[in-house]
Protein chains: 2
Amino acid sequence: MVVERLPLYLRAISNLTKQGREVISSQDLGAELHTTPAQIRKDLSYFGRFGKQGRGYHAGRLLEELRHILQLDRTWNVTLVGVGRLGKAIISYPGFAPQGFRIVAAFDADSRQVGQLVGGLTVQPMSELERAVREKDVSIAIVAVPATQAQAVIQDLVKLGIRAILNYAPVTPRVPDSVRVKAIDPVLTLQSITYYLRPDGASLAGEEEQDERTPV
Amino acid sequence: MVVERLPLYLRAISNLTKQGREVISSQDLGAELHTTPAQIRKDLSYFGRFGKQGRGYHAGRLLEELRHILQLDRTWNVTLVGVGRLGKAIISYPGFAPQGFRIVAAFDADSRQVGQLVGGLTVQPMSELERAVREKDVSIAIVAVPATQAQAVIQDLVKLGIRAILNYAPVTPRVPDSVRVKAIDPVLTLQSITYYLRPDGASLAGEEEQDERTPV
DNA sequence: CAGCGATTGTGACTGTGGTTACAATCCTCG
DNA sequence: CGAGGATTGTAACCACAGTCACAATCGCTG
């Protein structure tokens with residue numbers, strides 16, 4: 001939970017730095033990110049003491065510290081499996097590289113995709129996956145295949161020693177505890193957002209149980 | 001938190017139903033989703049009593065109940081702002097419609113995009129946004145514009161009465177409390193995933209504070 | 001129709017994450 | 001060089017989400 005917020009802090013600090021700020025208070029960060037200063041201080045203090053009382057945090061220093069904590073002070077080689085529409089959009093997305101994530105190989109089971117040049121990468125057949133993972137020191141995979149193939153693909157990736165998976169397929173794959181899986185699924189996200197879209201904002205929970213829940 | 005899991009349950013039940021199951025236990029769901037049966041029972045019981053002791057849950061009934069709770073027993077009109085590579089991939093994604101999310105209009109500030117036909121929709125200029133939202137009863141927007149424009153676009157959307165935003169732009173926009181924003185940002189996701197990718201799996205927190213934290 | 005295995009719903013407990021409040025510390029400025 | 005305003009780091013508190021355990025209930029079977 002804390003860890004999920006650090007990248008947010010990273011981004012905010014980076015923004016403020018670009019605006020010329022050299023010292024940043026938890027107040028500033030809170031304003032930028034729409035949270036409370038206390039939350040931010042608590043989070044940061046969990047990893048060390050980076051600030052100066054009465055002053056705030058030195059932006060550059062804090063940036064470095066957070067990068068180090070998140071292991072972002074290196075580059076990560078990423079492989080992509082599934083080069084359909086979504087996969088192509090992912091390869092072409094210019095946002096990964098500046099943050100140190102390099103997509104170094106792309107694979108697809110569909111022979112019609114194989115050989116194609118997408119965003120500077122030649123799409124390879126699945127049979128080449130093992131070699132690429134081994135030779136290019138890949139520990140993160142992005143999975144953008146149809147739901148039906150996702151579990152099988154992920155199983156393969158795990159077998160090859162992949163340690164983290166960004167999963168765009170609408171499935172909840174079974175993986176060993178040592179492997180980190182994060183899902184990105186816009187449909188699931190929308191499906192939970194609609195819960196809050198009631199005309200009045202009234203809660204539904206307990207609606208009809210109101211009576212039965214009163215203690216006897 | 002509970003609400004975020006319901007769509008997952010929905011998906012799992014739907015899968016099991018397709019396999020011909022008519023009665024489903026919390027055990028089954030737990031296996032499918034990689035969580036504990038207790039968690040699932042607790043979550044469901046929060047909204048009502050849908051199961052039968054000794055038996056389990058009736059799949060069809062539970063499906064309906066969850067859909068009702070999440071307000072998924074209707075269709076939602078969605079508008080897309082930003083028809084770049086990502087926006088195009090979103091429009092063309094066939095996963096929204098079956099779940100009742102219809103993208104009914106697409107907009108872009110870039111005049112070169114306007115007029116283009118993408119996935120059956122004609123890209124419109126931003127000036128048409130207001131009319132579309134009003135006439136088509138749109139309450140959800142997907143934002144896929146560059147970071148620099150995101151805050152402005154979102155401000156507009158809010159002003160037009162949009163109540164929920166799925167934000168693909170790498171910014172944390174400021175919106176009134178009445179508007180729900182969910183972010184989808186693969187970079188942020190990767191940036192937190194790397195934290196756990198240590199060779200040993202050792203935690204970093206408190207590394208150098210170990211001593212100073214011992215109570216005096 | 002009684003007994004048994006299965007499964008729910010929930011009360012009690014636990015742990016964790018977040019908030020509040022404040023002492024400690026720092027920088028600046030007169 | 002002392003006083004004051006600012007800001008951190010954290011201890012104490014609070015709330016809530018998740019886990020555990022079990023009584024209550026169900027359907028089935030002999």
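So you know, we letter chains A, B, ... as the sequences are listed, proteins then strands, and number each from 1. Everything quoted here is computed from the prediction, not taken from an experiment.
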Quickly work out the [X] [atom1] to [N] [atom2] distance and round it to whole Å.
| X | N | atom1 | atom2 | value |
| --- | --- | --- | --- | --- |
| B:E4 | D:dG18 | CD | C1' | 16 Å |
| A:Y46 | D:dA11 | OH | P | 14 Å |
| B:L33 | D:dG18 | CG | P | 14 Å |
| A:E65 | D:dT8 | CD | C1' | 15 Å |
| A:I40 | C:dT20 | CD1 | P | 14 Å |
| A:L44 | C:dT19 | CG | C1' | 16 Å |
| B:D28 | C:dA6 | CG | P | 13 Å |
| B:M1 | C:dT16 | CE | C1' | 13 Å |

Pull out every residue in residues 8-18 of chain B that has a heavy atom closer than 4.0 Å to any atom of DNA chain C, ordered by number, or say none. none
A:Y168 and A:D185: side chain donor to acceptor below 3.5 Å: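 No, no side-chain donor-acceptor contact under 3.5 Å.
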Hydrogens and angles aside, do B:S26 and B:R41 bring a side-chain donor and acceptor to less than 3.5 Å of each other? yes
From the list A:E65, A:E64, A:H58, side chain to side chain contact (heavy atoms under 4.5 Å, CB included) partner of A:F50 resolves to A:E65
Please identify each residue that fulfils ring-ring contact (aromatic ring centres under 6.0 Å, His included) with A:Y93, with sequence neighbours left out. A:F96
Go through it in stages, so that I can follow the logic: the residues are A:L16 and A:L29, the test is side-chain contact (heavy atoms from CB on, under 4.5 Å), and I'd like the CA-CA distance, side-chain angles, deciding distance and then a yes or no. CA-CA 9 Å; A:L16 292 173; A:L29 279 178; 4.2 Å; yes
Using modelled atom types and a 3.5 Å cut-off, is there a donor and acceptor pairing between side-chain atoms of B:T172 and backbone atoms of A:L33? no
Can you tell me how far CG of B:D28 sits from CD of B:Q19, rounded to the nearest 0.5 angstrom? 10.0 Å
Which one, D:dT10, D:dA17, D:dT19, comes nearest to the side chain of B:K42? D:dT19
Can you check each nucleotide of nucleotides 2-7 of chain D against protein heavy atoms at under 4.0 Å and return B for base, S for sugar-phosphate only, - for none, in 5' to 3' order? ----BB
Heavy atoms from other residues, nucleotides or ligands near CD of A:Q151 exceed 12 (cutoff 6.0 Å): yes
For a side-chain contact (heavy atoms from CB on, under 4.5 Å) check, start with the C-alpha distance between A:V81 and A:I142, then their side-chain angles and the critical distance, and finish with the verdict. CA-CA 6 Å; A:V81 184; A:I142 301 181; over 6 Å; no
On the nucleotide C:dT7, are OP1 or OP2 found under 4.0 Å from the side-chain N or O atoms that B:R49 carries? no
